[in-house]
Trainee: 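Below: one structure in structure tokens.
Note on naming: letters A, B, ... go to the chains in the order of the sequence lines (proteins, then strands), and numbering restarts at 1 for each one. Note that the coordinates shown come from a computational prediction; the quantities given were computed from them, not determined experimentally.
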There are 2 protein chains.
Amino acid sequence: MAIATRKEHIRSTAQKLFRTKGFAATSMRELAREVGIEAPSLYNHYTSKQQLLQDICFDIAAQFQTTFDASVATEQSNSQKLRRAMLGHVQVIASNIEASSVFFDEWVFLEAGELARFKKLRAAYQQAFRNLVADGIASGEFNAVNVKLTVFMIFSALNATYDLYKSGERLNEEEIAEGISAILFNGLERTK
Amino acid sequence: MAIATRKEHIRSTAQKLFRTKGFAATSMRELAREVGIEAPSLYNHYTSKQQLLQDICFDIAAQFQTTFDASVATEQSNSQKLRRAMLGHVQVIASNIEASSVFFDEWVFLEAGELARFKKLRAAYQQAFRNLVADGIASGEFNAVNVKLTVFMIFSALNATYDLYKSGERLNEEEIAEGISAILFNGLERTK
DNA sequence: CCTACCGATCGGTAGG
DNA sequence: CCTACCGATCGGTAGG
């Protein structure tokens with residue numbers, strides 16, 4: 001596997017380490033060792049450990065929003081839009097397994113200013129999903145569920161994608177998104 | 001608020017710090033400062049930082065399993081058992097907000113032997129839920145869903161309880177468990 | 001990209 | 001429960 005550039009190599013290695021050991025428990029020396037250079041040389045590519053985290057987190061945040069916008073820009077029903085948005089969310093995770101894992105678990109280590117910016121992006125993304133569910137209720141497509149709770153459930157289920165990949169299940173993106181959609185849309189309880 | 005014992009005070013303070021900053025980023029000096037003693041004095045109560053983490057994680061693990069066993073030891077339908085088990089799960093989280101948050105996010109820092117023991121307990125708990133869902137399908141109460149995926153969804157939704165508490169929603173345990181159950185059992189899509 | 005090195009902080013121990 | 005302190009390691013800089 002050819003490594004495109006050293007900078008990318010550093011970043012992908014950092015993603016792996018941040019995920020497995022956590023941001024705080026990962027040292028720049030260990031990262032350097034894994035990359036195959038001395039620790040101070042890392043600073044020719046990234047100004048700080050914090051900068052690495054920021055790059056990873058905001059890249060994923062942007063991917064989520066871009067994918068969502070594309071999913072919704074259709075003339076389909078709210079139900080279909082939601083299904084597409086869910087699949088898109090899973091696809092972003094699946095195409096960035098290590099990075100999205102860092103995005104979910106390590107964003108708390110972003111420093112003050114960037115942390116605030118990050119939270120805003122996340123809130124906007126959540127709100128977009130809530131609007132979609134609310135529109136679906138208004139149009140009569142969905143049951144009159146608790147919107148915030150529903151979106152919470154959708155995200156918590158979708159964000160377990162990483163664990164599903166790791167488990168022995170061997171599900172691909174479509175199977176995960178469709179399996180979750182099936183349960184969420186149709187419900188568990190058998191209707192007689 | 002009276003602090004029962006110093007040891008309990010240390011533990012509850014550690015839970016708060018481990019949750020907000022993470023296990024690796026929390027120092028014993030900071031913990032000591034927060035408690036109001038010097039760092040070396042901590043070692044009269046806990047042999048190590050690791051020991052603190054173990055106490056927290058395994059206590060919660062035991063509570064989950066005990067609560068589940070009690071929920072299932074009834075002569076109700078599988079559907080009712082599952083609802084009760086879900087409520088019990090939320091109640092354990094709600095009664096141990098800080099500790100359960102550490103349980104979910106910081107267990108990765110358990111050292112080798114304890115890590116293996118922890119994973120076994122967690123796997124057994126998951127399997128118990130899977131059996132319940134499988135029984136419900138066999139008895140015709142549930143739709144023929146993907147069992148593992150369904151249990152994954154249940155846990156990922158229930159484990160967001162902590163976030164739901166923090167959000168402005170002000171839902172209590174019953175409302176969270178019932179809200180999630182309602183969506184999960186009945187589904188989002190309106191049946192005509 | 002390296003060697004050499006800084007000040008700060010870490011988990012934990014000795015000894016009382 | 002404290003003071004004093006250990007060796008190790010941290011993120012990052014200087015200077016080339």
Trainee: Just to be sure I understand: a Watson-Crick pair is purine N1 to pyrimidine N3 plus N6-O4 or O6-N4, both under 3.5 Å. Using that and G-U wobbles, which stems of three or more pairs involve DNA chain D?
Mentor: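 Runs of three or more consecutive pairs: C:1-16 with D:1-16.
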Trainee: Using modelled atom types only, decide if a donor and an acceptor are shared between the side chain of Q50(B) and the backbone of E111(B) within a distance under 3.5 Å.
Mentor: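 Present.
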Trainee: Say whether L171(B) and F152(A) are linked into one hydrophobic cluster, either directly or through other cluster members, by side-chain heavy-atom distances under 4.5 angstrom.
Mentor: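 In one cluster: yes.
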Trainee: Given atom NE2 of H9(A) and atom C1' of dC1(C), what is their separation to the nearest angstrom?
Mentor: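 Roughly 15 Å, once rounded to whole Å.
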Trainee: Just to verify, what does D105(A) make a side chain to side chain contact (heavy atoms under 4.5 Å, CB included) with, not counting sequence neighbours?
Mentor: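 In terms of side chain to side chain contact (heavy atoms under 4.5 Å, CB included), with neighbours along the sequence ignored, D105(A) is linked to S101(A).
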Trainee: Looking at F155(B), is its backbone amide N or carbonyl O close enough to the side chain of N159(B) to form a donor-acceptor pair, meaning the two atoms are under 3.5 Å apart?
Mentor: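 Yes; judged by distance alone, with no hydrogens or angles, the pair exists.
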Trainee: Give a yes or no on whether the backbone of G136(B) and the side-chain of K81(B) come within a donor-acceptor separation of less than 3.5 Å.
Mentor: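 Between the backbone of G136(B) and the side chain of K81(B) there is no qualifying donor-acceptor contact (under 3.5 Å).
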Trainee: Ring centroids only, cut at 6.0 angstrom: are F64(B) and F68(B) within range, meaning strictly under it?
Mentor: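 Centroid separation for F64(B) and F68(B): 6.0 Å or greater.
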Trainee: Rounded to the Å, how far apart are I37(A) CD1 and dC2(C) C1'?
Mentor: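 Interatomic distance, CD1 of I37(A) to C1' of dC2(C): 10 Å.
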Trainee: Take E38(B) and S41(B) through the test side chain to side chain donor-acceptor pair (under 3.5 Å) and record every step on the way to the result.
Mentor: CA-CA 6 Å; E38(B) 295 299 321; S41(B) 303; over 6 Å; no
Trainee: Is the centre of the F103(B) ring less than 6.0 Å from the centre of the F118(B) ring?
Mentor: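 Centroid separation for F103(B) and F118(B): below 6.0 Å.
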Trainee: Assign a letter to each nucleotide of nucleotides 3-16 of chain C from its 5' end: B, base within under 4.0 Å of a protein heavy atom; S, sugar-phosphate only; -, no contact.
Mentor: BB-----BBBB---
